[in-house]
Novice: 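Sharing a structure with you now.
Numbering starts at 1 and runs along the sequence shown. Atoms considered below: every heavy atom in the structure, side chains included; atoms not considered: hydrogens, waters and symmetry mates.
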Amino acid sequence: IVILEAEKVIRPEHLPPEIRGGAGPLAARAIELPQDGIALASVERELIHQAMARAGGNQTRAAELLGIERDALRRRLAKHGFNQGDPASS
């Protein structure tokens, strides 16, 4: 993986499914709440930003990556103040 990936950090999506623990996306149980807590809105905003960037700004594809409907993504884009023209750049 270190040889094949350009990134310095190995992420779960770089690992084969048998190591990740299944063929699907990383399970929610793998997400752990930090000891001091976290601002849920900032986590949601960051995940939306990443999904939009990975989908090249395509809202339908970004919604699929997040496991939500496109209309739900649009509501969240508005909630977090993403620009209409390029939500991935906000």
Novice: Out of curiosity, His49 NE2 to Ser42 OG, how far, rounded to the nearest 0.5 Å?
Specialist: 13.5 Å

Novice: Under the side-chain contact (heavy atoms from CB on, under 4.5 Å) rule, collect the residues that match up with Leu40, sequence neighbours excluded.
Specialist: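 Partners of Leu40 by the side-chain contact (heavy atoms from CB on, under 4.5 Å) criterion come out as none, since no residue qualifies.
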
Novice: Name the atoms and distances for all side-chain donor-acceptor pairs under 3.5 Å in residues 66-79, with sequence neighbours left out.
Specialist:
{"unit_1": "Arg74", "atom_1": "NE", "unit_2": "Gln59", "atom_2": "OE1", "d": "2.8"}
{"unit_1": "Arg76", "atom_1": "NE", "unit_2": "Glu44", "atom_2": "OE2", "d": "2.8"}
{"unit_1": "Lys79", "atom_1": "NZ", "unit_2": "Glu44", "atom_2": "OE1", "d": "3.1"}

Novice: Distance check, rounded to the nearest 0.5 Å: Arg54 atom CZ versus Leu47 atom CG?
Specialist: 10.0 Å

Novice: Would you give the length of the straight line joining atom OG1 of Thr60 to atom CG of Leu65, rounded to the nearest 0.5 angstrom?
Specialist: 11.0 Å

